[in-house]
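To keep things clear, I will list the structure first and then write my remarks on it.
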Amino acid sequence: MDRLTAAEVFVDLAASGSFTATAERLEMSRAMVTRHIKALEDWLGARLLNRTTRSVTLTDAGNQCLTYCRQLLSTREALEISLSERRRQLTGKLRISSSMSFAHARLAASLAQFIKLNPGVEIE
């Protein structure tokens with residue numbers, strides 16, 4: 001099982017206190033929520049939840065795990081944001097052919113501004 005998904009399920013379950021509510025919010029079956037929690041418990045070698053017919057509460061290990069799972073998910077989100085911003089930046093080589101008079105009259109100022117906005121682009 002995907003450990004990041006298991007961490008996401010665990011954090012949501014800790015907040016909601018309900019396997020059913022977590023399953024609905026994350027658009028998965030209740031059985032899949034249970035599998036993710038079991039996989040996380042098996043991986044960590046600790047029981048994370050006290051389950052009764054009426055409530056779900058965190059064990060001491062569950063409280064400790066919750067802190068780290070939140071940090072893990074926060075780090076994942078920061079990485080995704082960082083990489084998506086990087087993908088939006090232009091990079092590479094741009095070759096331009098024009099007459100010298102047109103280049104001096106029209107292109108020079110525009111290219112200078114373009115290079116400031118896109119430092120990853122090399123103009124030839």
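The first residue in the sequence is number 1, and the count goes up from there. As the structure is a prediction and not an experimental result, all values here were calculated from the model.
Transitive grouping of hydrophobic side chains (ILVMFWY, heavy atoms separated by less than 4.5 Å) keeps I96 and M100 in distinct clusters. Under the 4.5 Å side-chain heavy-atom criterion for grouping Ile, Leu, Val, Met, Phe, Trp and Tyr, Y68 is not connected to V9 through any hydrophobic cluster.
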> Should L48 and L58 be marked as a side chain to side chain contact (heavy atoms under 4.5 Å, CB included) after you check the CA-CA gap, both sets of side-chain angles, and the distance that decides it?
Replying inline: CA-CA 6 Å; L48 303 175; L58 296 174; 5.6 Å; no

>> Determine whether L44 and C65 satisfy the following criterion, side chain to side chain contact (heavy atoms under 4.5 Å, CB included), listing intermediate values before the conclusion.
In response: CA-CA 9 Å; L44 296 173; C65 180; 3.5 Å; yes

> Where do F10 and L73 land on the side chain to side chain contact (heavy atoms under 4.5 Å, CB included) test, with the steps shown first?
Replying inline: CA-CA 11 Å; F10 177 68; L73 296 174; over 6 Å; no

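Side chains of T59 and N50: no donor on one and acceptor on the other come within 3.5 Å.
Of all non-hydrogen atoms in C69 and V11, the two that sit nearest each other are CB-CG2, 3.7 Å. What you find for T22 and L13 is that their closest heavy atoms are OG1-CA, 3.2 Å. Closest non-hydrogen pair, L49 versus F19, comes out as CD1-CZ, 4.1 Å. Counting all heavy atoms, side chain and backbone alike, R47 lies closest to A61 at O-CB, 3.8 Å.
Considering only heavy atoms from C-beta on, D12 stays 4.5 Å or farther from V33 through its side chain. Side-chain contact between I123 and L111 is present, with heavy atoms from C-beta onward closer than 4.5 Å. Taking 4.5 Å as the limit, every side-chain heavy atom of H36 sits out of range of all side-chain heavy atoms of E8. Between E124 and L94, every side-chain heavy-atom pair lies at or beyond the 4.5 Å cut-off. Annotation: side chain of L90 is in contact with side chain of F114 (closest heavy-atom distance under 4.5 Å). Annotation: side chain of L107 is in contact with side chain of S98 (closest heavy-atom distance under 4.5 Å). L40 is not listed as a side-chain neighbour of R3, based on a closest heavy-atom distance of 4.5 Å or more.
A donor-acceptor pair under 3.5 Å links the side-chain atoms of T34 to the main chain of R30, judged by distance alone. S82 places no side-chain N or O within 3.5 Å of a backbone atom of A78 that could act as its donor or acceptor partner. Looking only at distances, a side-chain donor or acceptor of D2 sits under 3.5 Å from a matching main-chain atom of L4.
Surrounding CZ of R76 are more than 12 heavy atoms belonging to other residues, nucleotides or ligands, all under 6.0 Å away.
In this structure, E41 does not pair ionically with R35, as no charged nitrogen and carboxylate oxygen lie closer than 4.0 Å.
Put simply, CZ on R70 and OG on S74 are 11.0 Å apart, with the number rounded to the nearest 0.5 Å. Note that the CD atom of E24 and the CG atom of L26 stand 10.5 Å from one another [nearest 0.5 Å].
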